[in-house]
Amino acid sequence: MTTALASGPLTALRQLVGSSRPLSWINTAYPFAAAYLLGGGGAGPVLVVGTIFFLIPYNLLMYGVNDVFDHESDLRNPRKGGVEGVVLDTRWHALTLWAAGLLCLPFVIALAMWGTAASTALLVGVLAAVVGYSAPRIRLKERAVLDSATSSAHFVGPAAVGLALAGAEPSGPAVLALIAFFLWGMASHAVGAVQDIVPDRAAGIGSVATALGARATIRTAAGLYAASGLLLLGLPWPGTLAALLVIPYLANIAPHLALTDASSGRAHAAWRRFLVLNLVAGALLTQLVIVELLGR
């Protein structure tokens, strides 16, 4: 009895942390921090609080809400249960929703107090997209193409909020970089959706991949990656070098351009490589950011 009571909170904590996808925390915190610094923001409370917010609370909100309302699909999905997402036990669903909302609240209030009306409106819009992606009735994740666009906004949004909080004026290079990032995000979401075609259809969940099919979705993703790279070529030096980072992503999905819906599960290999590519690309992008900041 005592052991069961003691393990309850620990189990809940493990479920919450697992649901927040620790492997992906950096994917939202990094865009905010990099954009804030490149936008002219300096080291200080806004950078620290914003980075922590987009590192953990934001990811719990994004993935926790998804895990609660995608429970039936997750039960049928063989890749769930590890670093790619837990199968969230139903007894923790209410706790997850409350924890996600309450953990975000103080950070949002602080960033709103330090920001402007524009940065706050942008932050609220990003959070609305995060919740609307998975929440019942809205379910943007089940609206083909819009699902990829919304998912991409989950990662581009922190960068846009970072620029706004830094007080950066809209500029050609910044807009170009954000659009390229957005296209990259759409492509990446589409690739991830392909591997889930079978379980999603079994659970009655729609997506860009279930609507277009595996082959068309992978080829569309390739086109979006290529377009992202071409846009990055328009950045001032040394930002132009960021275009090279798209090449590994194209190479990653090249073996899967002929996938059928029946063989769509094979795209999981590309997704696993994608997770590693993000770490490598992030490390290289960091070097470009450092060069840019030191050159000022």
Side-chain angles (χ1 to χ4, degrees), residues 24 26-41 54 62 119 122 125-126 129-130 133 145-166 168-194 208 217-254 257 270-271 273-293 295-296:
S24 298
I26 192 65
N27 294 340
T28 47
Y30 180 84
F32 169 82
Y36 183 77
L37 291 173
L38 289 172
F54 284 111
M62 177 162 59
S119 67
L122 186 56
V126 170
V130 165
Y133 182 77
V145 181
L146 188 57
D147 59 342
S148 290
T150 307
S151 175
S152 182
H154 296 165
F155 302 94
V156 179
V161 170
L163 288 172
L165 282 170
E169 293 293 330
S171 65
V175 172
L176 203 62
L178 289 177
I179 293 175
F181 189 13
F182 184 76
L183 295 180
W184 174 90
M186 286 189 67
S188 299
H189 173 272
V191 172
V194 169
V208 64
T217 303
I218 286 287
R219 293 180 179 183
T220 298
L224 290 171
Y225 277 138
S228 174
L230 290 174
L231 286 176
L232 291 172
L233 288 175
L235 293 179
W237 184 267
T240 309
L241 293 172
L244 297 175
L245 299 179
V246 173
I247 296 175
Y249 290 95
L250 284 169
N252 180 41
I253 63 174
L257 292 175
W271 185 252
R273 293 191 295 267
F274 168 81
L275 296 176
V276 176
L277 279 176
N278 281 349
L279 298 178
V280 176
L284 294 174
L285 187 60
T286 298
Q287 305 308 308
L288 291 179
V289 171
I290 291 173
V291 170
E292 173 65 22
L293 291 174
R296 292 183 174 183

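All values reported here derive from a predicted model rather than from experimental measurement.
The CG atom of Asp147 lies 4.5 Å from the NE2 atom of His189; values are rounded to the nearest 0.5 Å. Distance check, rounded to the nearest 0.5 Å: CG of Leu241 to CG of Leu245 gives 8.5 Å. Atom CG of Leu288 sits about 9.0 Å away from atom CH2 of Trp237, to the nearest 0.5 Å.
Residues satisfying the ring-ring contact (aromatic ring centres under 6.0 Å, His included) criterion with Phe181, sequence neighbours excluded, are Trp184. Residues passing the side chain to side chain donor-acceptor pair (under 3.5 Å) test with Asn27, sequence neighbours excluded: none. Partners of Ser151 by side chain to side chain donor-acceptor pair (under 3.5 Å), not counting sequence neighbours: none found. Contacts of Leu122 classified as side-chain contact (heavy atoms from CB on, under 4.5 Å), with partners at least two apart in sequence or in another chain: Ala160, Val161, Ala164. Not counting sequence neighbours, the partners of Ala190 by the side-chain contact (heavy atoms from CB on, under 4.5 Å) test are Ser148, Val208, Thr217, Ala221. With sequence neighbours left out, the ring-ring contact (aromatic ring centres under 6.0 Å, His included) criterion links Phe155 to no other residue.
A donor-acceptor distance shorter than 3.5 angstrom exists from the side chain of Thr28 to the backbone of Phe54, with no hydrogens or angles considered. Using modelled atom types, no side-chain atom of Asn278 and backbone atom of Val276 make a donor-acceptor pair closer than 3.5 Å.
Side-chain contact, Ser228 with Tyr249: no donor N or O sits under 3.5 Å from an acceptor N or O.
Each of Leu224, Leu232, Leu178 was compared with Leu183 under the side chain to side chain contact (heavy atoms under 4.5 Å, CB included) criterion, and only Leu224 meets it.
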